[in-house]
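Order of appearance sets the numbers: ligands from 1, and atoms from 1 within every ligand. Excluded from the calculations below are hydrogen atoms, water molecules and symmetry mates; all remaining heavy atoms, backbone and side chain alike, are included.
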Amino acid sequence: MKTIIPTLKTGSSHHLRRPSVKRRLHLDLVDGVAVITFDRPDKSVNVIDSEFLEELETALRAIGHYEVRGVLFLSSKPSVFLAGADLEAFGKFGGESLAKLVERGQLLFSRIASLGVPTIAAIHGACLGGGLELALACDRRLASDDPATKLGLPETQLGLLPAWGGSTRLPRLIGLPKALDLILSGRQVASRPAHKIGLVDEVVPKERLRDRALALLGRSMPKRRRFFLTNNPLSAALTRTLTKRRLIKKTRGNYPAPMAALEVAGRGTWNPGSSLEPSFRRERKAFVHLAETAAAKNLLRLFFLQEKAKHGRHDRSIDLGNLLPVKRTAVIGAGVMGAGIAQAFASRGFPVILTDLDPERVAAGVKSAEKLFDEAIKRRIFSAHEAARKLDLIAPTAERVSLRHCDLVIEAAVEDLEVKKRIFADLGSRTSPHTILATNTSALSVSAIAVADGVTHPERVVGLHFFNPVSRMKLVEIVTTDFTSSEVVERALAFVRSLGKTPVVVKDSPGFLVNRVLMPYLIEAGRLAESGLPVTFIDEAMLDFGMPMGPLRLLDEIGLDVAVHVAETMVAAFGERFAPPLLLADLVRAGHLGKKSGRGFYRHEGSRAFPETFATPPRVLPQKAEIADGLDDLMVEESKCCLAEGLVRDADAINLSLILGAGYSPFRGGPLGGETF
Ligand code: NAI
């Protein structure tokens with residue numbers, strides 16, 4: 001790469017290279033400071049790809065020709081500093097070439113660390129993965145106080161570990177325990193908590209970020225803490241042992257990445273003055289090894305599927321520019337789901353009317369929404385002020401108000417077809433011709449609602465199946481009938497995405513997709529319990545398989561009466577494979593409905609659950625893996641049926657839905673996909 005280097009004049013400002021369409025960054029000299037600005041012109045985000053690395057190498061080489069008094073890293077994007085490695089580009093690397101790529105990044109960032117002049121990363125927007133590793137190589141990190149600013153190392157979530165120096169530098173900067181917390185969870189932190197743990201040195205308003213950074217370059221760099229107590233070999237070994245125990249319990253050995261990250265970060269802490277190279281070598285070796293694991297490949301695929309789901313179209317002939325966006329909304333029914341849905345709408349800035357049969361139930365719904373906002377404040381998603389403003393977007397009423405100005409009305413009343421039919425018949429005269437009429441039913445026929453007496457606009461009726469708890473579950477099934485118009489589906493897709501959720505379009509059919517695939521699995525688990533296999537044995541087998549909750553515990557959560565009801569609907573539609581075992585019917589008859597009644601497959605006491613016994617267990621128990629494989633086969637077979645029936649567009653829609661909607665072991669890639677183990 002040729003670089004035209006002008007002579008440096010103090011007090012002057014120069015572009016060292018004319019920005020062109022393909023540039024990922026540009027280098028300016030401002031009053032003796034080299035300012036490197038990340039600004040990829042063809043994308044809304046800055047990511048690290050081969051071109052980026054090359055340009056950064058060139059920029060650093062150019063800086064070497066001057067006597068600069070400091071180097072400043074900035075981004076000109078509105079909400080991204082540097083979002084990490086370009087996974088699409090680097091996903092193709094393997095073996096030797098991957099090892100070289102990792103080493104190249106390490107060398108480059110080490111060069112930043114050893115420039116011999118003060119370096120500052122002035123962070124506004126997402127600073128993730130490789131982006132944070134670059135910032136960690138700087139002497140100081142300033143962060144804007146903007147909500148867009150988030151810092152994190154999400155690599156372990158993708159089955160990998162931070163290997164551009166992050167696993168080595170972070171424990172030295174903030175101490176091993178805090179570093180492990182960030183690396184092993186992959187969580188992102190806002191600027192203030194990042195400041196609190198020592199990850200950033202100062203939080204400043206976005207507008208002052210650059211000036212403050214330039215001013216600080218003239219001052220001496222802060223003296224770093226040494227963490228003698230937590231980072232010495234003895235403490236680090238103890239931390240590794242204890243954390244390993246916790247990890248094994250949590251991941252059941254299914255996720256090799258956090259284990260590897262623990263080893264590398266835990267061993268690289270000591271001797272702060274010495275060469276970092278041994279630790280970098282461990283980073284490289286672990287990264288290349290992890291990249292070859294089935295878990296990493298599946299998790300990476302899952303990441304791409306989620307990205308794809310952000311943009312997919314239902315009907316390409318529709319001109320999106322002509323579609324009315326959803327702005328104003330209403331929720332009918334303020335129970336568990338209605339309150340959760342209203343809170344989700346308000347969280348994203350949508351005004352929402354929340355209504356129910358009487359003022360008391362509406363008030364209870366608002367209270368639930370308020371509780372959800374309180375949780376969001378605790379989890380630092382919103383400040384108290386933001387949460388209060390968003391809660392104000394919920395307009396509670398028990399009156400039969402006009403909904404003409406609403407772009408979308410969703411019904412979340414009781415699961416009773418007649419009630420829902422009446423609500424939809426009434427909505428015709430209360431809404432405008434463009435209002436989307438959605439139902440959150442979990443098992444009733446959306447088509448039956450669309451063609452009910454008095455429903456005048458079946459093309460506007462669609463299912464929007466949110467999962468419980470709404471605030472945490474990412475998936476929304478968009479259920480279409482033969483009448484639903486493509487415009488309504490496209491508008492629903494855009495709206496669900498604007499809620500930060502992942503939509504999947506499913507044809508109307510009993511149980512839709514996720515509950516349909518889960519049902520034979522849950523029923524068989526009940527049958528195994530009926531045959532005498534211990535309840536905890538069955539649940540443990542599936543926890544080992546990687547499910548977030550055992551099937552019998554899940555049945556207790558759903559409610560055994562609800563499960564029997566859904567199973568019966570499925571039997572009518574698909575036959576005996578959905579027939580519930582007698583044990584389930586017996587439990588329901590005895591009033592043992594699961595958690596809500598205190599007894600089901602477990603006896604529930606507060607947050608604790610004790611397994612019930614239903615028959616004499618066999619003298620020799622089978623292998624847990626055998627049980628898990630058998631139960632998994634049922635999900636796989638039902639998934640194949642759904643695909644063959646054309647319920648969804650492709651197998652990946654099933655993989656993504658089951659992972660996001662049912663917690664199907666993400667590292668396995670979904671019931672119809674993924675690398676085998
Ligand atoms: P819920 O029993 O907590 O709430 C239902 C609310 O609807 C009650 O407050 C009731 O007063 C109100 N309601 C009844 N008739 C009404 C009417 N005519 N107009 C206005 N409000 C009326 O029930 P939940 O759990 O919130 O379920 C609501 C819907 O969401 C159901 O269709 C259910 O199948 C579905 N669903 C439930 C999930 C869950 O896990 N609870 C998950 C996904 C969907």
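In the candidate list E477, R361, E415, E415 is nearest to atom 32 (O) of ligand 1, counting heavy atoms. Residue M337 holds the heavy atom nearest to atom 38 (C) of ligand 1 of all those in H565, M337, E411. Closest to atom 9 (O) of ligand 1 by heavy atom, among N440, V336, D356, is D356.
Counting heavy atoms closer than 4.0 Å to ligand 1, residue F466 contributes backbone atoms (N, CA, C, O) but none from C-beta onward. When non-hydrogen atoms are compared, ligand 1 lies under 4.0 Å from the side chain of I423 (C-beta onward) but not from its backbone.
Set against the non-hydrogen atoms of A412, the atoms of ligand 1 under 4.0 Å away are 5 (C), 7 (O), 28 (C), 29 (C). Close approach of ligand 1 to I332 (heavy-atom distance below 4.0 Å) involves ligand atoms 19 (N), 20 (C). In the vicinity of V414, heavy-atom distances shorter than 4.0 Å reach the ligand 1 atoms 5 (C), 7 (O), 14 (C). Numbered from 1 in the order shown, with element, the atoms of ligand 1 that lie under 4.0 Å from a heavy atom of H465 read 43 (C), 44 (C). Atoms of ligand 1 found under 4.0 Å from any heavy atom of N468, numbered from 1 in the order shown, are 39 (C), 40 (O), 41 (N). Of all the atoms in ligand 1, the ones that sit under 4.0 Å from a non-hydrogen atom of K420 are 31 (C), 32 (O). Within the listing of ligand 1, atoms 32 (O) sit less than 4.0 angstrom from a heavy atom of T441.
Salt-bridge check for E418 with K421: passed, with a basic side-chain N closer than 4.0 Å to an acidic carboxylate O. Note on D358 versus R361: salt bridge recorded, some NZ/NE/NH1/NH2 to OD/OE distance being below 4.0 Å. Note on E386 versus R389: no salt bridge recorded, every NZ/NE/NH1/NH2 to OD/OE distance being 4.0 Å or above. Ionic pairing of R668 and D632 is not present here: no N-O contact between side-chain nitrogen and carboxylate oxygen is shorter than 4.0 angstrom. Remark: E307 engages K310 in a salt bridge, criterion side-chain N to carboxylate O under 4.0 Å. Taking a cutoff of 4.0 Å between a charged side-chain nitrogen and a carboxylate oxygen, D544 and R252 qualify as a salt bridge. Salt bridge present: R577 and E638 bring a charged side-chain N and a carboxylate O closer than 4.0 Å. The pair E645-R516 counts as a salt bridge, with a side-chain nitrogen and a carboxylate oxygen less than 4.0 angstrom apart.
Within 4.0 Å of atom 4 (O) of ligand 1, at least one protein heavy atom is present.
No donor-acceptor contact under 3.5 angstrom links the side chains of Y664 and N655, judged on distance only.
Residue contacts with ligand 1: F467 is placed with no nitrogen or oxygen under 3.5 Å of a nitrogen or oxygen of the ligand (distance criterion only).
R422 does not count as a contact of ligand 1, since none of its heavy atoms falls under 4.0 Å from the ligand.
Note on ring orientation: taking the six-membered ring where Trp is involved, the planes of F373 and F382 are tilted (angle from 30° to 60°).
Regarding atom 31 (C) of ligand 1, its nearest protein heavy-atom neighbour is A413 O, 3.2 Å.
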